[in-house]
Amino acid sequence: MLRLKTAAAALLVIAVAAPGCSRNRDVPVELAPSRMTTIGVNAYLWRAALDTISFAPLLQADANTGVIITDWYSNPNLPTERVKVTVAILDQDLRADALRVTASRQVNQGGAWVNAPVSAATVQKLEDIILTRARDLRRTTVRGKAEHMTGRFDPAVADIRWQARWDEAQSFVADTASPKPKTYVLEMFPYPSGRIHMGHVRNYTMGDVLARFRRMQGREVLHPMGWDAFGMPAENAAMERGVHPGAWTRSNIDTMRGQLKRLGFALDWSRELATCEPDYYGHEQALFLDLFEAGLVYRKESEVNWDPVDMTVLANEQVIDGKGWRSGAPVERRRLSQWFLKITDFADELLDGLGELENWPDKVKLMQENWIGKSRGLQFRFRLAEAADGIDKIEVYTTRPDTIFGASFVAIAPTHPIAEAITARDPKAAEFIAECKRGGTSAAEIETAEKKGFLTPIEAIHPLDSNWRLPVYIANFVLMEYGTGAIFGVPAHDQRDFEFASKYRLPIKRVVAANAEEAGQPIVGEAESMDGIAVNSEFLDGLTTEQATAEIIRRAEAGGWGEGKTAFRLRDWGVSRQRYWGTPIPIIHCGKCGAVPVPRDQLPIVLPEDVSFDRPGNPLDRHDAWRNVSCPSCGGLARRETDTLDTFVDSSWYFIRFASEPADKPFDRGEAEQWLPVDQYIGGVEHAILHLLYARFWTRALNRIGRIGMSEPFKGLFTQGMVTHETYRAGDGSWLSPDEVRRDGDDWTHIESGAPVTLGRVEKMSKSKRNTIDPEPIIARYGADAVRWFMLSDSPPERDLEWSEGGIEGAARFVQRVWRLASSDAVSEGSDEALERKLHRAIAAVTEALDGLQFNKAVAQLYELTSAIEKAKPSAMRSKAIRILVQLAAPAAPHLSEEAWAALGETGMIVDAPWPQFDPALLVEDEVTLAIQVNGKLRDTLNAPRGLDRGAAEALALASEKVQRLLDGNAPRKVIVVPDRLVNIVA
RNA sequence: GCCCCUGUGGCGGAAUGGUAGACGCGCUCGACUCAAAAUCGAGUUCCUAACCGGAGUGUCCGUUCGAGUCGGACCAGGGGCACCA
């Protein structure tokens with residue numbers, strides 16, 4: 001086999017072996033973007049000259065044709081000149097007459113490269129040197145190493161090289177002034193947790209493929225990246241390791257930025273932002289004040305998880321089995337005064353707006369719909385038998401007023417004003433309420449807790465029967481946040497009420513049944529919550545649930561004891577967090593003036609740097625110099641708000657800031673509207689509700705106060721699946737990581753101890769299960785394109801993707817297959833009609849798949865096209881097909897495609913090449929295969945010309961020997977013909 | 001507890017109500033090689049030695065000439081639940 005790469009290496013040695021270069025073996029790969037353009041490429045040339053192995057992919061060469069084409073390069077000592085050389089080696093023996101060298105030379109004149117002559121003597125000299133050096137290397141090269149180099153695409157160098165070229169050309173900088181139609185592609189920005197994980201790789205690969213695809217389709221694409229940089233993990237790191245959250249976060253950002261760049265994403269890094277920097281959160285503070293002035297921000301009491309030992313507020317995730325994660329102490333619910341955003345003002349429009357979102361998954365729209373939870377019901381009052389503390393009625397809300405005759409109790413929330421009034425005199429009630437406050441605030445915790453109640457001395461009077469008295473309980477499953485904080489219980493038709501009534505031996509009376517005959521049947525086992533007809537309900541008897549509901553509302557309104565009302569499950573958004581590492585809330589509390597907004601000219605309110613995390617609680621509370629200020633209104637002593645904003649506020653407008661980043665305001669409306677709304681937003685389904693709802697709300701709020709002229713921020717949404725991996729457990733039940741285990745046939749063993757390992761389920765990659773795969777070594781080993789390719793292969797993007805060694809190897813193999821095709825293409829004549837049809841079908845199918853984000857289908861199509869090209873004989877069409885294959889693969893495997901594009905002799909970079917077009921006339925075949933069924937079962941297939949009429953198709957099918965045999969002489973009862981597809985004979 | 005999603009070969013998955021298993025992984029056999037790797041070719045749902053044939057898309061029932069696809073009930077697995085991001 002030829003040692004083409006070594007021959008070419010010699011060429012480079014003569015070109016760049018300048019003094020001072022050869023000592024610098026470890027040229028840093030990661031350079032500042034501005035320096036990368038010039039230094040990065042040259043650094044690689046030097047390195048390549050010193051190491052023939054890693055040098056190899058700098059060239060495009062092929063073992064069959066023996067053509068080497070070097071790229072343009074400059075001698076670092078003579079940067080105004082550059083040289084490009086083509087070497088054709090015509091046989092393996094490296095005879096002198098079997099080598100043909102052509103060289104091009106250009107000189108830089110006033111910034112433009114201009115062709116310059118190359119003398120015949122220079123070419124002859126190059127030939128001699130290449131030949132001598134190549135023969136020499138061929139004799140001495142270690143076999144294995146040489147094999148490694150032969151004709152293979154080596155991503156280790158190619159990746160960096162093309163990344164530098166894109167950077168140099170500013171290929172992905174979005175130009176707002178461009179006349180081209182604009183597309184905004186956005187992936188949910190990452191939290192800088194430390195290192196990129198496979199989930200990020202998958203997410204950003206999908207977005208990148210789309211961005212590159214749209215770009216090739218001729219659109220001006222905005223594809224930015226930034227950092228959701230505030231949050232708890234930074235404070236945890238501060239507590240555990242004593243690092244400042246800012247230092248920790250910024251160092252993580254640096255690491256992760258480098259990792260993202262290594263994957264070659266087509267990102268506009270000039271717009272990079274981090275939410276933890278004052279030049280971002282300062283603008284956020286201004287927006288907060290805008291909303292405050294518009295009356296969309298208010299303060300009220302709300303419950304938090306409180307750790308009584310650490311004396312700190314806990315997030316839901318820090319509550320494990322009702323206990324604080326650090327202290328292990330049982331968690332209590334405690335009330336704090338907090339800031340809220342009036343998202344409920346927008347409940348109706350957030351719900352209605354879902355209807356316009358055609359390019360959102362139905363699943364997500366449904367989840368948001370349920371979250372908003374609009375319901376039509378009856379709000380009414382129970383009069384109390386005896387008024388106490390000036391309270392003589394309980395207001396309740398129900399969505400099932402038709403069950404009012406099935407009521408057997410009234411229950412109020414532990415924080416209801418009546419409950420609090422009772423608690424004041426009854427120590428037992430106080431004890432019960434204290435008990436209710438144990439445990440976390442999450443819905444799952446509250447609702448799975450045992451239903452408990454405290455019987456109060458109060459009695460409620462049934463609104464339709466003044467002799468009917470209902471007991472009033474304080475109950476742990478009633479929430480003050482929803483409805484009126486009080487309910488009436490209908491045990492027969494609500495499961496929670498049923499459990500409660502069973503426990504406290506309250507009547508369970510059926511008032512809804514499937515039909516009148518079932519009226520007398522008892523309710524057993526569990527509540528029957530379905531609709532039906534009313535029974536045992538006096539004047540409602542016989543009415544459907546819907547009719548009965550309308551009738552009760554009518555009577556309530558006529559009688560003045562209640563009214564029909566629309567209620568929402570959606571609660572206002574509590575944005576106060578008792579933490580340091582977040583956006584400071586720009587409010588000053590004054591004893592005289594109350595909560596006063598910070599004057600605009602004092603923004604940003606910057607977080608103090610000199611804080612410590614050696615004690616629990618919010619360091620801002622202890623930082624007197626920062627906290628104590630004078631009141632902007634009266635000038636008196638006042639203190640800053642020490643709570644910071646929920647990080648969801650940060651992520652509610654970053655997509656606007658990406659589109660427009662002026663220094664003096666959050667964004668420029670006109671500029672932002674050039675890009676927004678986001679055409680395609682891609683992220684994890686775990687954000688389906690909160691983040692997406694908050695961002696929609698924030699956008700609508702800005703719209704309402706006249707800051708931006710749009711109401712929906714994300715036109716298209718795609719939620720991608722997780723990356724999963726097998727799990728492994730040692731004998732003692734502890735988790736083992738994939739590199740601690742080895743496969744022996746069907747069994748797994750622990751490498752270190754040799755002990756058997758149990759193969760667990762395939763689960764989401766997580767630190768706790770130790771089944772994570774760090775992308776970085778994988779990229780180093782297989783290259784960015786193979787990793788990107790694997791992320792798109794096999795699994796549909798919305799589904800989970802299981803990481804496997806085989807999968808990544810398959811992807812790497814494909815990269816080499818495309819490379820072999822491209823690097824071995826030789827000029828050929830002639831047509832190939834079958835390949836042409838295949839090609840046009842592939843273009844159509846890949847285009848359609850990418851438009852629909854069905855990356856796995858695009859991948860499968862490209863595999864098919866590759867196989868077809870490999871099997872085709874050389875022809876002009878085959879050469880064309882190879883070029884189109886490379887174009888079609890470019891969004892997914894950009895480095896390979898650039899390298900292949902250059903090897904094919906195409907000019908310019910493939911990122912600037914147009915997307916291939918197809919001819920619809922070539923998509924249809926002249927001959928079709930008809931499926932022949934008898935009684936719906938496939939019995940035969942027949943080839944027939946396209947467009948055969950029904951009669952002819954029927955005749956053809958009946959003539960089939962297999963059909964004849966099955967019909968056994970009988971006439972068919974019926975024949976169904978689907979033109980060009982199938983004939984079904986009903987015997 | 002409430003809400004949502006998913007279920008097809010050994011594995012990931014494909015299939016406008018119309019030939020189930022495209023494409024990839026794995027495996028088997030063959031070619032090339034001193035050998036290995038790489039590469040190339042053939043095969044690979046199950047049952048049946050093979051043919052013929054039969055069965056088959058979590059389970060059961062239904063709609064239809066025809067169901068992986070539509071409807072109903074069930075089973076199993078996964079995700080979300082307001083202070084994780």
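In what follows, every heavy atom counts, from backbone to side chain, and hydrogens, waters and symmetry copies are set aside. Fair warning: this is a prediction, and the values are worked out from it, not measured in the lab. Chain naming here is simple, since letters A, B, ... match the order of the sequence lines and numbering starts at 1 in each.
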Checklist entry - Counting only Watson-Crick or G-U wobble pairs whose two distances fall under 3.5 Å, which nucleotide matches B:G30? => result B:C40
Checklist entry - A:His687 side chain: which of B:A85, B:C40, B:G18 is closest? => result B:A85
Next on the checklist: Does A:Gln933 contact B:C65 through a side-chain donor or acceptor facing the base, at a distance under 3.5 Å?
Outcome noted: no
Next on the checklist: Which label fits A:His691 and A:Tyr654: parallel for a plane angle under 30°, tilted from 30 to 60°, or perpendicular past 60°?
Outcome noted: tilted
Checklist entry - Is any side-chain N or O of A:Glu798 under 3.5 Å from a base N or O of B:C5, one able to act as donor and the other as acceptor? => result no
Checklist entry - Of all the nucleotides listed (B:G13, B:A82, B:C83), which has the minimum atom distance to the side chain of A:Gln578? => result B:C83
Item to check | Nucleotide nearest A:Arg577 when distance is taken to its side chain, options B:C23, B:C83, B:G13 | outcome: B:C83
Checklist entry - Strictly under 6.0 Å, is that where the ring centroids of A:Phe477 and A:Phe500 end up? => result yes
Item to check | Ring centroid separation A:Tyr681 to A:Phe718 under 6.0 Å | outcome: no
Checklist entry - The side chain of A:Asn984 lies closest to which of these nucleotides: B:C65, B:G80, B:U19? => result B:C65
Checklist outcome for this item: Sorted by position of nearest nucleotide on RNA chain B, 5' first, the leading residue of A:Val986 and A:Leu801 is A:Leu801
Checklist entry - Among B:G24, B:C4, B:A82, which is the nearest nucleotide to the side chain of A:Tyr863? => result B:G24
Next on the checklist: Between A:Tyr694 and A:Trp573 (judged by ring centroids, cut-off 6.0 Å), do the two rings come close enough to count as a pair?
Outcome noted: yes
Checklist entry - Around atom CD of A:Glu848, are there more than 12 heavy atoms of other residues, nucleotides or ligands at under 6.0 Å? => result no
Next on the checklist: Starting the side chain at C-beta, find the nucleotide from B:A15, B:C65, B:G24 nearest to A:Lys857.
Outcome noted: B:A15
Checklist entry - Within the modelled atom types, does a donor on one side and an acceptor on the other bring the side chain of A:Arg973 and the base of B:C65 under 3.5 Å apart? => result no
Checklist entry - Roughly how far apart, to the nearest Å, are B:G68 and B:G7 at atom P? => result 14 Å
Checklist entry - With respect to the side chain of A:Arg799, which nucleotide from B:C5, B:C83, B:G7 is positioned closest? => result B:G7
Checklist outcome for this item: Judged by nearest nucleotide, the residue sitting upstream toward the 5' end of RNA chain B, A:Leu366 or A:Gly810, is A:Leu366
Next on the checklist: Syn or anti for B:G9? Use the chi torsion, O4'-C1'-N9-C4 for purines and O4'-C1'-N1-C2 for pyrimidines, with syn inside 90° of 0.
Outcome noted: syn
Checklist entry - How long is the line joining CE of A:Met367 and P of B:A82, in whole Å? => result 12 Å
Next on the checklist: At less than 3.5 Å, do the side-chain atoms of A:Asn370 and the base atoms of B:C3 form a donor-acceptor pair?
Outcome noted: no
